[in-house]
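I have placed the structure first, in the form of structure tokens, so that the comments after it can refer back to it.
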2 protein chains.
Amino acid sequence: MAGTGTDLNRLRELNSLSIVRALRGNPPSTVTELSARTGLSRPSADVMVKALVADGWATVVEPAANSVVGRPARRYQFRADAGHVLGIDVGGHKILAMLADLDGTVVHSTRVAVTPDADPASRLAAMDTVIANCLAETGFSGDDLWAITVGVTGPVDETGRTTLFTPLPGWTSVNPAEHLAARFDAPIRVENDCKLAAVAERWHGVAQDADDIVYLLAGIRTGAGLIIDGTLRRGYGGAAGEIGALRQVRWLGAPAHLQNCPGLPESVAPDDAAAWVFSAARDGDKAAKAAVRRYVRDLAVGAAALVLTLDPHVVVVGGGYSRSADIILEPLERELQRLCLRVPEIRASTLADEGVALGALRLALDEVDARLFTTSLPAPLAPPAG
Amino acid sequence: MAGTGTDLNRLRELNSLSIVRALRGNPPSTVTELSARTGLSRPSADVMVKALVADGWATVVEPAANSVVGRPARRYQFRADAGHVLGIDVGGHKILAMLADLDGTVVHSTRVAVTPDADPASRLAAMDTVIANCLAETGFSGDDLWAITVGVTGPVDETGRTTLFTPLPGWTSVNPAEHLAARFDAPIRVENDCKLAAVAERWHGVAQDADDIVYLLAGIRTGAGLIIDGTLRRGYGGAAGEIGALRQVRWLGAPAHLQNCPGLPESVAPDDAAAWVFSAARDGDKAAKAAVRRYVRDLAVGAAALVLTLDPHVVVVGGGYSRSADIILEPLERELQRLCLRVPEIRASTLADEGVALGALRLALDEVDARLFTTSLPAPLAPPAG
DNA sequence: CGAATATTGCTGGGGTCTTTACGAATTGTA
DNA sequence: TACAATTCGTAAAGACCCCAGCAATATTCG
């Protein structure tokens, strides 16, 4: 029964989707271009794209200045604003929401600061506020959202819970997916923050060329996210990448080398300690340099375990400490050279603290795509015209 | 240009392949059954299967005793003997070749013993002999082979070389793929033995139900093969799973606990030492039990690194020592419980020393399938009738 | 031997894509 | 301004595929 029995309707769907693919991510295209891009004949491409326009998936862009000989062609464009998705980073210090259209263009983002020891209820309330603001400031309603993804700390199981552990107090009892499902109709997904950051690096970050990626979160917390063969790997129970739980790897204590660096002035707040150490090391401070060396050495053991297990193309170093990539990357590479069989390329993230939210957006878009590309074209939820 | 432009021909191909899928792995089927299985109409299924018969991909099986009312239906069967594939395990102690038809049924296998310190040339010669015998004893020629896969020790790069390292002396300079390419036209692939064993466990072993598998080779060598999301993961440079190279993991020295167990009689050959220790431990020998405990403790650290990285569904323990799974599995699980966040199921392999060759067969079959299911149906290389 | 049953084979209908062809719109040149 | 050249838009014809339904066929059971 699960057979791939394929009839004519399916063929038409396939070709319609083929046209959608050809439209997306390209500048407004003529029918001739679409025909060339899809391999379909020009009349077919014409019929398809006209149907898409009728259903609200595409629009006609007026010819514009055309300096070429011949009748000017109509240009069609995918209606990226037919729907929107939301990506949310629920972090220890901040909550960040990003709203993007179907092309993945970020339309708006909102953030609010929270304290790491906030209780779950107030954290969820802050999340609600951030979302509400993001929608209010752009004039959208919850019905305009086609998918929502939330990034949280700790391994996430199928249901969206972080049962194994999480640094956020009380968070294990919370299910953000259920919480949001009561407010929004869109499909909601909860995912681990490191995993989302990894996705973001492949989407808009420094690993766009790689299919096998290890993302290292280097910050007050240490963690990892894995992309294998181009897709995010969650593991059977959603706990892939949690190599830090292995004591031999020393990730848990690694940041302490920086936090407790001898010579650290009392005036420096704990959150700024690492930055101070990196800066001091850059200035040649002996103790700071030793602290960085010890930190990197511990970080490298876990990284080596990941690298040896997966043999990735690229290792991306992200997280708060990646701002000091200039003094981390080189010793990290040296350590990996010592520990690994084949050393991957090591690159520093450039997504600052937006990686998790961006990755959440990408996953939400994937959700939309999956529906779009498998279960035929859904009824056009979009208004008939912009 | 890479567009999915889909015309009628493609539709027909798709449906033809759909029929092939419905035929394979099923007993001889009537057109009505095929129609039900594929979702196609009966006339369509009829036309398709007739075309397959004409091209040599299927045969008609005569009605046989039919005890049901009505006109007896013709039964069609996939011609598994239209082609064959070869899987070869080039190990330290033996070389094993297996010949299978397109259904994966093993038709014949040949093996020969070699010494671990044999030089590359004689090892390749032994491989040639094993293949030649396997073909001669079944009456096939090299032209009947549609794909060949060779399993070797050590990480294999894209070209089929084991450049990073291998325990076989001189083997880094050898390229078995090139060697065989001079003799056979079929596509040839070389792969790491642990990876192939992992594939075999999912195909015919104890992990058929799992999509995320860590295969542990527990023997005189220690190694791993990874299956993630149902497919073998090689890593960017083919060195995935080589966690044993990390010193912290202690895999290199782990078997020594068994080999050098105090109380080991001088009369026991090195190759039989582990078996003796396991047996002694089973009989309650204190020293032997301690040696096993130490071995498992070391094995578990690397296994934990793999498990924490990938969060697999199942860990399969294979290799020579898996014959003593009865006294390894329980302490291994206990150790993993201690070291991991979520402990996967742990199972002992039952494929004895045929896992690598079986996995090689599966990969060769995958190669055939890939051609069959992407680039349309190739011209029937098969003779028109059995 | 005839009725019941299930399969086989065939024909027409509906649908899709492609090819071919021709009219329409614009540019550049005489 | 008129005309050729070029490209786009669209319509008609042809080929192909899938499906529904009906007549013919082969077998079992009474």
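Residue numbers start from 1 in every chain, and the chains themselves are labelled A, B, ... in the order their sequence lines are given, proteins ahead of strands.
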Of the listed nucleotides C:dT18, C:dG9, D:dG9, the one nearest the side chain of B:Asp46: C:dG9
Side chain of B:Arg74 (C-beta onward), nearest among C:dG9, D:dC19, C:dT27: C:dG9
Nearest to side-chain heavy atoms of A:Ser44, which nucleotide of C:dC17, C:dT7, D:dT10: C:dC17
Residue A:Ser41, side-chain atoms from C-beta onward, closest of C:dT8, D:dA26, C:dT18: C:dT18
Inter- and intrachain pairs under salt bridge (Lys or Arg N to Asp or Glu O under 4.0 Å), touching residues 26-35 of chain A, at least two apart: A:Glu33-A:Arg37, A:Glu33-A:Arg75
Parallel, tilted or perpendicular: rings of B:Tyr236 and A:His313 (30°, 60°): parallel
Touch class at under 4.0 angstrom, heavy-atom based, for B:Thr32 against every strand present: sugar-phosphate
Nearest-neighbour nucleotide for the A:Arg42 side chain, D:dC8, C:dT18, C:dA25 considered: D:dC8
Atom CG of A:Asp209 with >12 non-hydrogen neighbours under 6.0 angstrom: yes
Any donor-acceptor N/O pair, B:Ser35 side chain to B:Leu40 backbone, under 3.5 Å: yes
Atom-pair distance (OH on A:Tyr76; C1' on D:dG9), nearest Å: 9 Å
Atom-to-atom span, CE of B:Met48 to C1' of D:dC16 - whole angstrom: 11 Å
Nearest-neighbour nucleotide for the B:Pro43 side chain, D:dG21, D:dT7, D:dA11 considered: D:dG21
Short side-chain N/O contact from B:Asn15 to OP1 or OP2 of D:dC17, under 4.0 Å: no
Given D:dC18, D:dA26, C:dT8, the nucleotide with the shortest approach to the side chain of B:Pro72: D:dA26
Selection from D:dC19, D:dA26, C:dA25 that lies nearest to any side-chain heavy atom of B:Arg71: D:dA26
